[in-house]
Structure formats: structure tokens, C-alpha cells
Amino acid sequence: MPDDFNLSAYVALVQALHAQGYKIRGYADVAPNDPHLILRHDVDFDLGAAVELATVEAEQDWAAYYFVLMGSEFYNPLSPASGAAISLLRRLGHRVGLHFDASVYSGDTNELISAVQREASILEDITGAEVDAFSLHRPHPELLDHGFDVPGMVNVYATRYTQEIAYCSDSRGQWRHGHPLDLEAVHTGRALHLLTHPVWWVHAGGTPQATVARTLDKRFEVLEEEADAQCETFQARITAERKE
């Protein structure tokens, strides 16, 4: 992992952009030629990490977008703990959007549109608020090249947000487009769409692979605690191990 991937460094990065005149804006009111900043987070692995980052942002009075997967193997948005975490994101002043994995569906456009609308509706039931934006999880090039529109929703990969304004991502635990402060658009005061993933900043340390492994270890601890609470057979095993 780069040395500058941690919560303190994230705060310093956004503060540096503020010092250059950047103001946080939403997708609806960003202006390409103004120093506007969209803070976006795709939650791929850990809602707990998202809450930690969201809390730090709220302390700075920053409002961001958090995009949540509905079919993740890493967390279940319908579980009580995950539902509470998602609701907390809202209470902290952030927006919650849908992180949509098109790979689990066929490539039929109409099916994909219906799937986005269905998943967004479920997420709205969890948040109690409108979900009017979606990001694509590991987007297929065809969906990016030809565009993908869902009525009444913002596709944050639309050309307006990835080409008409500057776009910078920390995908795979590294800056994919160069460091944000080094971008020509930032030097000239044009709008910036900044995508970060909470896992890289909250569980940072070592390589990206080590960060993912650390995140999985934390997830296993949660599953083990749940199994201990819900399964008598597992409880007996844990009790026996503790006696050894």
C-alpha cells in the first residue's frame, strides 16, 4: 500500500483540495469548470470500515456518497448489523447509493435496468431514503463504452462524471490515474470526481493483498462470534477448545 493510505492521509488530502478552493458538491450540481469535488466511496468489503471513514468525514462536516453492494459475499445489507451501519451512514449526513454488480445478470439491457431498480428499491427500504444513484462494481468495458442509463437514476460512470470532469480512483489499493493533487485538472481548478474505497484507508498497512487478508480475518472473527451465538454444536467446540 502507498504510505499515504490511512485515515489521517485521507483527511489531509481533502483538506489540501479545500485549500485550493474546492467545494464538495453532489452529482446533480457539479459544474465541470468549477473547483467542485465529489467524494465517492464504493463499499466492496466492509461496512464497518465505511462507517469509520464516514465518521471521520462527518467530524470535518464533509458529505460523501457511499455505494453499497446488495449481493456481496462479504457483508449482508439485510442483516441487523449491516442495516444499522447503512442507517448510520445516513445519520452522519452522507448519501447512500447502489453499488451494482452487473456480472450476476445476463447482458440484456432491460434485465439490467430492472435489476438496478429492484436492488435500489430494497436499499431504499433499508435506508428509508431515496436511492437515486448507482455505481458499477468491476464495470464491464461494454457498459462503460456504450453507456447505461436507468430512468430516474444517476450512473456515476456516465461520461459527465468520468470524462467531462476529472476522475481519480484508488482501485486495487493504488492511485490509478496519478495522485489527485498532481492532476492537471486540479492545478487548473476544474471539477474532480474522487473515488476511494474505505478498506484501503481504514485497514491500511503493508501491501493491498495484506490489507484484504486483514479485512477477511476481521470478517471471520464476526462469523465465528455469530456461529458461537447461534449454533449449539459450535458452542460446544469453542467451550472444549477453551478448556484445553
How long is the span from the [atom1] atom in [X] to the [atom2] atom in [Y], to the nearest 0.5 Å?
{"X": "L78", "Y": "L123", "atom1": "CG", "atom2": "CG", "answer": "9.5 Å"}
{"X": "D108", "Y": "S114", "atom1": "CG", "atom2": "OG", "answer": "8.5 Å"}
{"X": "E119", "Y": "H99", "atom1": "CD", "atom2": "NE2", "answer": "11.0 Å"}
{"X": "H177", "Y": "L195", "atom1": "NE2", "atom2": "CG", "answer": "9.0 Å"}
{"X": "L181", "Y": "H187", "atom1": "CG", "atom2": "NE2", "answer": "7.5 Å"}
{"X": "L98", "Y": "F67", "atom1": "CG", "atom2": "CZ", "answer": "8.5 Å"}

Any non-hydrogen side-chain atom of [X] less than 4.5 Å from a side-chain atom of [Y]?
{"X": "I126", "Y": "V96", "result": "no"}
{"X": "F74", "Y": "D46", "result": "no"}
{"X": "Q60", "Y": "V11", "result": "yes"}
{"X": "V116", "Y": "L112", "result": "no"}
{"X": "I165", "Y": "R160", "result": "no"}
{"X": "Q174", "Y": "F5", "result": "no"}
{"X": "V199", "Y": "V43", "result": "no"}
{"X": "Y161", "Y": "V154", "result": "yes"}

Apply side-chain contact (heavy atoms from CB on, under 4.5 Å) to residues D44 and H137 and explain how you reach the verdict.
CA-CA 8 Å; D44 290 349; H137 180 55; 3.5 Å; yes
List the atom of [X], the atom of [Y], and the distance in Å for their closest heavy-atom pair.
{"X": "P198", "Y": "Y66", "value": "CG-CE2, 4.3 Å"}
{"X": "Y75", "Y": "L47", "value": "CD1-CD1, 3.5 Å"}
{"X": "L92", "Y": "V51", "value": "CD1-O, 4.3 Å"}
{"X": "A31", "Y": "A191", "value": "O-CB, 3.4 Å"}
{"X": "M153", "Y": "V131", "value": "CE-O, 3.6 Å"}
{"X": "S135", "Y": "D42", "value": "OG-OD1, 3.1 Å"}

With W62 as reference, evaluate H18, E57, H94, Q15 under the side chain to side chain donor-acceptor pair (under 3.5 Å) test and give the passing residue.
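Per the side chain to side chain donor-acceptor pair (under 3.5 Å) rule, the option paired with W62 is H18, out of H18, E57, H94, Q15.
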Which pairs, with at least one residue in residues 126-137 and sequence neighbours excluded, count as a salt bridge (charged side-chain N to carboxylate O under 4.0 Å, His left out)?
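Every salt bridge (charged side-chain N to carboxylate O under 4.0 Å, His left out) pair that includes a residue of residues 126-137, provided the two are not neighbours, is R95-D132.
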So F100 and Y105, would you call those rings parallel, tilted or perpendicular, with 30° and 60° as cut-offs?
parallel
Parallel, tilted or perpendicular, as decided by the 30° and 60° cut-offs, for the rings of W201 and Y10:
perpendicular
side-chain contact (heavy atoms from CB on, under 4.5 Å) between R190 and N33, worked out:
CA-CA 5 Å; R190 298 183 65 250; N33 294 319; 3.6 Å; yes
Between V212 and W200, does the side-chain contact (heavy atoms from CB on, under 4.5 Å) criterion hold? Intermediate values first, please.
CA-CA 8 Å; V212 172; W200 303 131; 3.8 Å; yes
Would you tell me whether H197 and D170 have side-chain atoms, one donor and one acceptor, within less than 3.5 Å of each other?
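H197 vs D170: donor-acceptor pair found between side chains.
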Check step by step if side-chain contact (heavy atoms from CB on, under 4.5 Å) holds for W175 and D182.
CA-CA 11 Å; W175 293 118; D182 294 333; over 6 Å; no
Okay, side chain of S87, backbone of G83: is any donor-acceptor separation there less than 3.5 Å?
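Yes; at least one donor-acceptor contact below 3.5 Å.
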Crowding at CG, D61 (>12 non-hydrogen neighbours, <6.0 Å)
no
